[in-house]
Amino acid sequence: MDRTQVVAGVAKELHATEKAIDAAITQTTTLVQSMIGARAVLELSPVSGAASQAKAMETIAALSEARTAIVACHAELQKDHRKMGWGVYAVGPVNKPDDWETPIGGTPPTKGHLRVA
């Protein structure tokens, strides 16, 4: 197995992990929406299921932290790759910022504005 195949394998797994975390966030937000909708349809008090709904929202927060961590991992892998003199290697979505700080086609966000990655 040559270096390109090894790097491609790592890049493929990284991309799959990023995609899985995003899917988990999407699924968990759908769960919360379903819980709120069910409570409304059943005409239950907001107190009903509050603890379980809060746990689901904690899950979203934890997944958000995981997403931040995997994006940081991606950036570190990119740095490592370049430090080894291997240049740029692209697998998966390639329309992404090169410096990890400036959004594509724009300027860095100002204070108080959210940057969507």
Side-chain angles (χ1 to χ4, degrees):
M1 187 179 290
D2 70 3
R3 179 181 64 204
T4 302
Q5 291 172 316
V6 172
V7 170
V10 172
K12 179 181 173 188
E13 294 304 325
L14 174 65
H15 182 251
T17 301
E18 291 170 336
K19 191 173 180 179
I21 292 170
D22 283 347
I25 292 169
T26 301
Q27 182 60 51
T28 309
T29 57
T30 301
L31 170 63
V32 171
Q33 181 181 12
S34 177
M35 294 167 78
I36 293 169
R39 187 177 43 77
V41 168
L42 297 173
E43 298 178 356
L44 298 172
S45 163
V47 175
S48 300
S52 59
Q53 186 174 316
K55 291 296 181 186
M57 287 192 235
E58 284 179 33
T59 302
I60 294 168
L63 288 166
S64 178
E65 288 184 36
R67 187 176 192 285
T68 299
I70 200 66
V71 167
C73 173
H74 192 143
E76 291 301 320
L77 282 169
Q78 181 185 39
K79 288 177 193 175
D80 292 342
H81 191 147
R82 288 186 177 162
K83 283 179 190 173
M84 291 178 205
W86 295 343
V88 176
Y89 187 85
V91 169
V94 292
N95 188 16
K96 50 192 165 192
D98 200 32
D99 66 5
W100 295 90
E101 295 296 324
T102 305
I104 296 168
T107 58
T110 58
K111 196 170 192 174
H113 288 86
L114 209 52
R115 184 176 119 210
V116 179

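Atoms considered below: every heavy atom in the structure, side chains included; atoms not considered: hydrogens, waters and symmetry mates.
With contacts defined as side-chain heavy-atom distances shorter than 4.5 Å, the pair D22/L63 does not qualify.
Taking every heavy atom of both residues into account, C73 and L14 meet most closely at SG-CD1, 4.5 Å.
The other members of the hydrophobic cluster of V32, by chain and number, are I36, M57, I60 (side-chain heavy atoms under 4.5 Å, ILVMFWY only). Grouped with L31 in one hydrophobic cluster are M35, the linkage being side-chain heavy-atom contacts under 4.5 Å among Ile, Leu, Val, Met, Phe, Trp and Tyr residues. Applying the under-4.5 Å side-chain rule to Ile, Leu, Val, Met, Phe, Trp and Tyr, the cluster around L44 extends to L42.
For E76, the side chain to side chain donor-acceptor pair (under 3.5 Å) criterion is met by K79, not counting sequence neighbours. Checked against side-chain contact (heavy atoms from CB on, under 4.5 Å), V10 has the following partners two or more places apart in sequence or in another chain: L77.
Within the model, atoms CD1 of I25 and OG1 of T59 stand 11.0 Å from one another, a figure rounded to the nearest 0.5 Å.
Applying the side-chain hydrogen bond (donor to acceptor under 3.5 Å, both in side chains) test to pairs two or more places apart or on separate chains, none has a residue in residues 29-56.
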